[in-house]
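To start, the structure itself, in structure tokens.
Since the model is a prediction, treat every value here as computed from it, not as a measurement.
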Amino acid sequence: MNLENKTHFLKVKDHSVSQEIFDLYYDQTLDMLVTTPQPSLENLDKYYDSTNYISHSNGSKSFFEKLYQFIRNIALKNKLNLINSLSTKKGKILDIGAGTGDFLSFVKQNGWQTIGTEPSKIAKEIAISKGVDFVSKTTDLENHTFDVITMWHVLEHVPNLEIQIKELKRLLKPDGTLVIAVPNFKSFDASYYKEFWAAFDVPIHFWHFSKKTIKLLFEKESMQLCQVLPMKFDAFYVSLLSEKYKTGKMNFIKAFFIGLQSNWKARKSSEYSSHIYVLKNDNK
């Protein structure tokens, strides 16, 4: 990695799988953090080999998983309401990194034409059982096909940002909407937990974004940042995982209060644990 205009920010451990140590470098130009070194595509799968990778979990075993799924159901309704508010019609939607398909299944039941991509074979099989349709790769899709494209906590996993953003631009209709959700390293919970902050999730999170980062990256492809929305539940979820990494225990009460404090401080700073970014083509 070219370290020009980058300064060392923090050392972070892969708490969930390998226990390896990675460095985060701050990119001054884009106001973002970059994980170093980044695993090669050939070695990437082993860092996802975790029973705790909750986004691909479809069970209801522990209290934590039950709580996660309860909150997820609320989040699905909120996501549907957002998508419906952004489009004048229930047209075609592409979800990149669809996981076990809960979002696409939900919006399909509510009148949208849906398709997804997902690299995990296990997650994809679960999604297919829910009636979700997939394409192997987005390059198989035609230009300007989708009214809405979503990436729910996926952009931070993408090895090449520039290529991905160009592909999003190609697939989106001229009047379409792009919805991206990513963690925010400038939140209070990130500064509180530091190297134990679960949303760093090295090395499978290659990039760590700020609001300025998203604005600058997409401006390069003539896309305009129209709206930034908070994901308030993330502060509690991330704090809970961070407590486990820091202390070895699920300190529910402590995590709840840190999540609450993070959301409270964000009322003034507008720096929530995660943000949803709504972007559109700049057709001026």
Legend entry - Ser239 side chain to Asp189 side chain, donor-acceptor N/O pair below 3.5 angstrom: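 No pair is found: no donor N or O on one side chain lies under 3.5 Å from an acceptor on the other.
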Inset, instruction - Not counting sequence neighbours, list each pair that qualifies as a ring pair (Phe, Tyr, Trp, His ring centres under 6.0 Å) and has a residue in residues 109-144. - result: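 Non-adjacent pairs meeting ring pair (Phe, Tyr, Trp, His ring centres under 6.0 Å): zero.
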Would you call [X] and [Y] a salt bridge, using N to O less than 4.0 angstrom?
X	Y	result
Glu195	Lys13	no
Asp102	Lys130	yes
Arg170	Glu167	yes

Inset, instruction - Using salt bridge (charged side-chain N to carboxylate O under 4.0 Å, His left out) as the criterion, list what pairs up with Lys137, not counting sequence neighbours. - result: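 Listed in chain order: Asp140.
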Legend entry - Partners meeting salt bridge (charged side-chain N to carboxylate O under 4.0 Å, His left out) with Glu219 (sequence neighbours left out):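 For Glu219, the residues satisfying salt bridge (charged side-chain N to carboxylate O under 4.0 Å, His left out) (neighbours in sequence not counted) are Lys215.
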Legend entry - His205 ring center near Phe200 ring center (under 6.0 Å):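 That pair fails the under 6.0 Å test.
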Inset, instruction - Mind jotting down which residue pairs meet the salt bridge (Lys or Arg N to Asp or Glu O under 4.0 Å) criterion with at least one end in residues 14-31? Sequence neighbours excluded, please. - result: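 Checked against salt bridge (Lys or Arg N to Asp or Glu O under 4.0 Å) - neighbours excluded - the pairs reaching residues 14-31 are Lys6-Asp27, Lys11-Asp23, Asp31-Lys186.
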Inset, instruction - Among residues two or more places apart or on two chains, list those pairs meeting salt bridge (Lys or Arg N to Asp or Glu O under 4.0 Å) that have a residue in residues 271-281. - result: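 As it turns out, the salt bridge (Lys or Arg N to Asp or Glu O under 4.0 Å) pairs with a partner in residues 271-281, which skip direct neighbours, are Lys211-Glu271.
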Inset, instruction - Take Asn184 and Ser274 through the test side chain to side chain donor-acceptor pair (under 3.5 Å) and record every step on the way to the result. - result: CA-CA 5 Å; Asn184 173 32; Ser274 293; over 6 Å; no
Legend entry - Spatial distance of atom CG (Leu161) from atom CG (Leu30) [nearest 0.5 Å]: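 CG of Leu30 is found 9.0 Å from CG of Leu161.
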Legend entry - Listed partners of Tyr277 passing ring-ring contact (aromatic ring centres under 6.0 Å, His included), at least two apart: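 Counting only residues at least two positions away or on another chain, Tyr277 forms a ring-ring contact (aromatic ring centres under 6.0 Å, His included) with His275.
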Inset, instruction - Step by step, work out the side chain to side chain donor-acceptor pair (under 3.5 Å) result for Asp234 and Ser273. - result: CA-CA 6 Å; Asp234 278 30; Ser273 185; 5.6 Å; no
Inset, instruction - Give me the ring orientation class for Phe256 and Phe236: parallel if the planes are under 30° apart, tilted from 30 to 60°, perpendicular past 60°. - result: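 Phe256 vs Phe236 ring planes: parallel.
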Legend entry - Parallel, tilted or perpendicular: rings of Phe196 and His15 (30°, 60°):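 Geometry flag for Phe196 against His15: tilted rings.
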Inset, instruction - Work out which heavy atom in Lys79 is nearest to a heavy atom in Phe103; give both atom names and the distance. - result: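 Taking every non-hydrogen atom into account, CB-CE1, 3.8 Å.
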